[in-house]
Protein chains: 2
Amino acid sequence: MSAIASLDVRPLSRLMKALGDETRLRMVALLSHGELCVCHLEKALGLTQSNTSRQLTVLKAAGVVEPRREGSWVFYRLAPQLDELTKSQLRALVNAFGKREVLRRDVERLLRAKGPASCK
Amino acid sequence: MSAIASLDVRPLSRLMKALGDETRLRMVALLSHGELCVCHLEKALGLTQSNTSRQLTVLKAAGVVEPRREGSWVFYRLAPQLDELTKSQLRALVNAFGKREVLRRDVERLLRAKGPASCK
DNA sequence: TGGGGACATGACGATATCCACATGTCCTGA
DNA sequence: TCAGGACATGTGGATATCGTCATGTCCCCA
């Protein structure tokens with residue numbers, strides 16, 4: 001019969017839906033270069049604390065990122081994908097963002113500021 | 001300052017938004033193997049005529065597909081991407097779908113039925 | 001030229017998304 | 001134990017999306 005019927009695009013559509021937003025896409029662009037905590041993303045993207053947390057919640061619910069608690073703050077990083085389609089898509093995206101040298105420098109600068117100054 | 005500020009993800013987020021839906025993703029999966037007319041997609045995906053047209057309108061507005069009129073009916077195919085990010089993402093997607101041999105057979109069967117029987 | 005097929009679109013109710021404001025939770029250091 | 005910083009979440013209103021039904025447009029053919 002129809003093979004399209006057996007093609008499960010649910011995981012992929014979930015991923016796409018989560019990435020169908022400028023802010024969340026920029027978050028992923030930054031996270032392509034390393035893990036960052038909420039306040040880093042907040043500052044880098046010029047968002048309110050509330051909004052930053054919300055968007056991360058959406059990305060987490062879609063399985064795009066995963067949190068890691070470290071003392072008082074929470075670091076987010078890209079989560080490994082189980083589904084083959086989402087895996088290849090996210091890899092392609094990270095690869096595209098990974099080529100942006102300027103982004104890498106942004107992330108490094110953010111992480112350097114982490115130590116003594118924390119997230120202030 | 002921040003390089004993320006200069007990274008324009010608007011075209012990509014538009015693409016992702018359009019693909020953040022199971023039905024539209026399945027349409028793209030089929031169109032990865034060749035152009036199809038509305039009634040083909042309608043039958044293959046088990047959608048109403050109205051809904052099929054709507055979803056294609058969304059994909060068209062996002063620049064994912066483009067229509068080609070041929071007499072009484074309209075064929076849709078994947079549209080070439082101008083933006084680098086959307087180009088690489090869509091290429092990765094088509095590549096992933098392109099590996100699904102069963103899908104290719106589906107499309108061929110649909111196109112074979114086209115000639116005499118039209119879309120009936 | 002009139003009818004029917006293929007597709008698009010207006011209207012609309014149901015549902016989901018988005019963002020800000022305020023408040024709540026958890027951890028840390030004094 | 002208390003204050004404050006880092007995050008999360010309840011609430012609510014504006015806005016957008018989704019799918020259906022009905023209708024409109026365009027094209028082909030008898």
Side-chain angles (χ1 to χ4, degrees), chain A residues 9-10 13-27 31 35-62 64-77 110-111 113-120, chain B residues 9-10 13-27 31 35-62 64-77 110-111 113-120:
Chain A
V9 294
R10 248 163 307 185
S13 72
R14 234 192 296 277
L15 175 75
M16 294 296 201
K17 198 167 193 174
L19 297 182
D21 175 276
E22 284 190 47
T23 299
R24 292 193 291 269
L25 215 37
R26 290 155 83 86
M27 285 178 161
L31 294 177
E35 79 176 358
L36 292 168
C37 72
V38 182
C39 56
H40 282 148
L41 292 164
E42 182 183 338
K43 300 296 184 300
L45 299 175
L47 304 172
T48 64
Q49 183 272 317
S50 171
N51 196 12
T52 308
S53 181
R54 292 262 186 227
Q55 307 292 1
L56 285 169
T57 299
V58 172
L59 287 176
K60 186 176 65 175
V64 182
V65 302
E66 58 188 16
R68 181 180 65 85
R69 176 137 226 142
E70 185 177 321
S72 177
W73 56 90
V74 178
F75 284 81
Y76 280 86
R77 63 184 157 207
L110 285 171
L111 288 174
K114 168 196 169 190
S118 177
C119 267
K120 195 206 50 164
Chain B
V9 295
R10 247 164 306 184
S13 72
R14 235 191 294 276
L15 175 75
M16 294 297 201
K17 198 167 193 175
L19 297 181
D21 175 277
E22 283 190 48
T23 299
R24 292 194 290 268
L25 215 37
R26 290 156 83 88
M27 285 177 161
L31 294 177
E35 76 174 0
L36 293 169
C37 72
V38 181
C39 57
H40 282 148
L41 292 164
E42 182 184 336
K43 300 296 185 302
L45 299 175
L47 303 172
T48 64
Q49 181 272 317
S50 172
N51 195 14
T52 308
S53 181
R54 292 261 186 232
Q55 307 292 359
L56 285 169
T57 299
V58 172
L59 288 175
K60 186 176 64 176
V64 182
V65 302
E66 58 188 16
R68 179 180 66 85
R69 175 136 227 145
E70 185 175 322
S72 178
W73 56 90
V74 178
F75 284 82
Y76 280 86
R77 64 184 155 205
L110 285 172
L111 287 173
K114 168 196 166 190
S118 177
C119 268
K120 190 204 51 157

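In this text the structure is predicted, and so the values were computed from the model without any measurement. Each chain gets a letter, A, B and so on, in the order the sequences are listed, and its residues count up from 1.
With hydrogens and angles ignored, no donor-acceptor pair under 3.5 angstrom links the side chain of R69(B) to the base of dT25(D). Within 3.5 Å, a donor on the side chain of R54(B) pairs with an acceptor on the base of dT20(D), or the reverse. A donor and an acceptor atom never sit less than 3.5 Å apart when one is taken from the side chain of R24(B) and the other from the base of dG19(D). One donor-acceptor pair, N or O on each side, does fall under 3.5 Å between the base of dA8(D) and the side chain of Q49(A). In terms of polar N and O atoms assigned as donor or acceptor, the side chain of S72(A) never comes within less than 3.5 Å of the base of dC7(D) in a complementary pairing.
When each of T52(B), V64(B), V65(B), L36(B) is tested with M27(B) by the rule side-chain contact (heavy atoms from CB on, under 4.5 Å), just one qualifies, namely T52(B). Residue N51(A) is tested with Q55(A), R54(A), Q49(A) for a side-chain hydrogen bond (donor to acceptor under 3.5 Å, both in side chains); the sole match is Q55(A).
Straight-line distance from the CG atom of L56(A) to the P atom of dC7(D): 10 Å, rounded to whole Å. The CD atom of E42(B) sits 9 Å away from the P atom of dA6(C) (whole-angstrom rounding). Going from atom CG of L36(A) over to atom C1' of dC7(D) covers 16 Å, rounded to whole Å. Per the geometry, CD belonging to E70(B) stands 11 Å off P belonging to dC7(C), to the nearest Å. For the pair K17(A) NZ and dC18(C) P, the interatomic distance rounds to 9 Å; values are reported in whole Å. Taking atom CG on N51(B) and atom C1' on dA22(D), their separation rounds to 15 Å, with Å as the unit. We find that CG of L59(A) is positioned 14 Å from C1' of dC18(C), with the value rounded to whole Å. Atom CG in D21(A) sits roughly 18 Å away from atom P in dT15(D) (whole-Å rounding).
The T48(B) side chain lies nearest to dT20(D) when the options are dA6(D), dT20(D), dA20(C). Looking at the side chain of S50(B), the nearest of the listed nucleotides dT9(C), dC21(C), dA8(D) is dT9(C). Closest contact between the side chain of T57(B) and the listed nucleotides dT9(C), dA8(D), dC7(C) involves dT9(C).
T57(B) contributes a side-chain N or O that, together with a main-chain N or O of S53(B), makes up a donor-acceptor pair within less than 3.5 Å. Between the side chain of R69(A) and the backbone N or O of G71(A) there is at least one donor-acceptor pair closer than 3.5 Å.
Residue Y76(A) places no side-chain N or O under 4.0 Å from the OP1 or OP2 atom of dA6(D).
Looking at heavy-atom distances under 4.0 Å, T52(A) makes no contact with the nucleic acid at all. Using a 4.0 Å heavy-atom distance criterion, K60(B) is classed as making no nucleic acid contact. Contact annotation for Q55(B): backbone-only contact, meaning every heavy-atom pair under 4.0 Å involves sugar-phosphate atoms and none involves a base.
Residues V38(B) and W73(B) have side chains not in contact (no heavy-atom distance under 4.5 Å, counting atoms from C-beta outward).
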